[in-house]
Amino acid sequence: MAELVLNARPRKITGKQVKALRRQGWIPAVLYGRHIQPRTIQVEGKEFQRVMALARGGTRLITLQVDGETHLALIREVQREPIRREILHVDFQAVELTEKIRVEVPVVFVGASPAVERGEGILVHGLTHVEIECLPKDLIEAITVDLGRLDRVDAAIYVRDLQVPPGIMVVSDPDELIVLVTAPAAEVLEEAALPAEMPEVEVIGRGKKVEEEEEEEG
């Protein structure tokens with residue numbers, strides 16, 4: 001796999017002045033790690049977005065070059081403006097090849113469930129990402145889940161069932177659901193159908209709440 005290289009510059013501008021930096025096409029960032037002092041840096045916006053797309057979020061290592069120094073790093077956090085979704089700030093974590101890291105990786109589904117193909121059930125998805133621990137050299141971009149294992153209604157795959165390469169340890173809760181085959185919604189509703197004659201139900205406290213709202217409006 002090709003090395004991902006991203007050039008960065010030391011950054012002296014901080015606080016509200018970073019707005020001018022962004023207008024010039026730069027993204028303010030910080031580089032931190034267990035064995036380095038935190039450093040304020042800046043990366044060129046278009047170049048960062050290209051590298052981020054190839055890095056698939058934070059699941060690939062980046063060679064970050066800063067002022068003649070080279071750091072192996074992960075993208076740890078990307079802050080965005082909530083409306084326009086423009087990138088406001090990036091956190092990079094420097095890593096050591098001999099020290100384990102924890103990273104969230106996506107779950108990718110392949111194949112098809114025989115039970116779903118036969119029309120016996122539908123898929124219900126649980127977690128979309130799980131957390132793994134490994135050395136940087138063993139980092140994977142995703143965990144593949146074969147839906148072909150789901151051959152009946154109520155068949156499920158949990159975190160504990162995930163198959164990962166040697167050197168990878170899944171640290172997410174083993175009892176968390178990944179995917180489940182359940183009965184179609186119409187069948188579930190039919191089984192849970194209410195009796196023809198419904199008993200009258202008293203709603204306690206509702207009148208009081210309405211009165212309070214009316215008083216507030218008045």
Side-chain angles (χ1 to χ4, degrees), residues 1-2 4 49-62 74-87 100-206 209-210:
M1 188 175 294
L4 284 180
Q49 293 195 53
R50 182 190 69 83
V51 170
M52 183 175 65
L54 294 172
R56 305 194 181 197
T59 60
R60 276 188 64 183
L61 293 170
I62 294 172
L74 288 169
I75 301 171
R76 277 304 193 186
E77 184 176 345
V78 177
Q79 298 177 18
R80 294 180 180 271
E81 196 278 331
I83 298 175
R84 295 187 299 273
R85 305 299 296 162
E86 295 175 353
I87 298 176
K100 290 185 176 182
I101 55 177
R102 288 196 174 192
V103 180
E104 276 199 348
V105 296
V107 175
V108 177
F109 298 104
V110 296
S113 162
V116 173
E117 292 286 287
R118 294 192 299 265
E120 298 170 0
I122 58 174
L123 288 179
V124 175
H125 296 279
L127 294 182
T128 59
H129 291 71
V130 295
E131 189 175 23
I132 63 171
E133 182 177 88
C134 63
L135 291 172
K137 69 178 181 63
D138 296 324
L139 185 60
I140 56 177
E141 295 183 13
I143 295 178
T144 301
V145 174
D146 183 7
L147 296 177
R149 299 162 56 186
L150 303 174
D151 59 355
R152 57 180 174 79
V153 173
D154 293 333
I157 297 174
Y158 295 88
V159 169
R160 61 177 174 268
D161 302 317
L162 295 176
Q163 299 176 359
V164 295
I168 302 290
M169 182 174 71
V170 180
V171 296
S172 295
D173 184 347
D175 294 326
E176 286 278 4
L177 177 70
I178 299 296
V179 65
L180 163 73
V181 176
T182 187
E187 184 176 331
V188 172
L189 289 175
E190 184 178 342
E191 292 177 357
L194 294 171
E197 293 185 3
M198 290 286 293
E200 190 176 74
V201 178
E202 182 181 3
V203 182
I204 306 297
R206 183 173 178 180
K209 183 178 180 180
V210 171

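Note that this is a predicted model, so its numbers are computed, not measured.
Distance check, rounded to the nearest 0.5 Å: CG of L147 to OG of S113 gives 7.0 Å. The CG atom of L150 sits 8.0 Å away from atom CG of L180, with the distance rounded to the nearest 0.5 Å. I157 contributes atom CD1, which lies 4.5 Å from atom CZ of R149 (distance to the nearest 0.5 angstrom).
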Would you please test V179 and V124 for side-chain contact (heavy atoms from CB on, under 4.5 Å) and show each step? CA-CA 6 Å; V179 65; V124 175; over 6 Å; no
Check against side-chain contact (heavy atoms from CB on, under 4.5 Å), V103 and R76: CA-CA 9 Å; V103 180; R76 277 304 193 186; 4.2 Å; yes
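Exactly one residue among D138, L162, I143 makes a side-chain contact (heavy atoms from CB on, under 4.5 Å) with I132. That residue is I143. Partner V107 forms a side-chain contact (heavy atoms from CB on, under 4.5 Å) with one of T128, T144, V130 and no other, that one being V130.
For residues 157-176, the set of pairs meeting the ring-ring contact (aromatic ring centres under 6.0 Å, His included) definition, not counting sequence neighbours, is empty.
Residues passing the side chain to side chain contact (heavy atoms under 4.5 Å, CB included) test with P106, sequence neighbours excluded: T59, H129, A142. The side chain to side chain contact (heavy atoms under 4.5 Å, CB included) test applied to P136 returns L61, V95, L97, I101, not counting sequence neighbours. Taking D154 as the reference, R152 meet the side chain to side chain contact (heavy atoms under 4.5 Å, CB included) condition, with sequence neighbours excluded. Partners of E176 under the side chain to side chain contact (heavy atoms under 4.5 Å, CB included) rule, at least two apart in sequence or in another chain, are L127, V159, D173. Taking the side-chain hydrogen bond (donor to acceptor under 3.5 Å, both in side chains) definition, one finds that R50 meets it with E47, sequence neighbours left out. By the salt bridge (charged side-chain N to carboxylate O under 4.0 Å, His left out) test, R85 pairs with no residue at all, sequence neighbours left out. Every residue meeting the salt bridge (charged side-chain N to carboxylate O under 4.0 Å, His left out) condition with E133, not counting sequence neighbours, appears here in chain and number order: R102. For R80, the salt bridge (charged side-chain N to carboxylate O under 4.0 Å, His left out) test picks out no residue, with sequence neighbours left out. In this structure, the ring pair (Phe, Tyr, Trp, His ring centres under 6.0 Å) partners of H125, at least two apart in sequence or on a different chain, are F109. When the side-chain hydrogen bond (donor to acceptor under 3.5 Å, both in side chains) test is applied to R160, the partners found at least two apart in sequence or on another chain are D175. E86 is linked by a salt bridge (charged side-chain N to carboxylate O under 4.0 Å, His left out) to R84, counting only residues two or more places apart in sequence or in another chain.
Considering every non-hydrogen atom in both P184 and G121, the closest pair reads CD-CA, 4.0 Å. In this structure, A115 and V153 approach most closely via the heavy-atom pair CB-N, 4.2 Å. Across all their heavy atoms, L177 and A156 have their closest contact at CD1-CB, 4.1 Å. When all heavy atoms are compared, the tightest approach of G148 to P114 is O-CD, 3.5 Å. Taking every heavy atom of both residues into account, I75 and A55 meet most closely at CD1-CB, 4.4 Å.
Using a 4.5 Å heavy-atom threshold, the side chains of V116 and I122 count as separate.
Side chain of S172 to main chain of E131: a donor-acceptor pair is present (N/O by atom type, distance under 3.5 Å, no hydrogens or angles).
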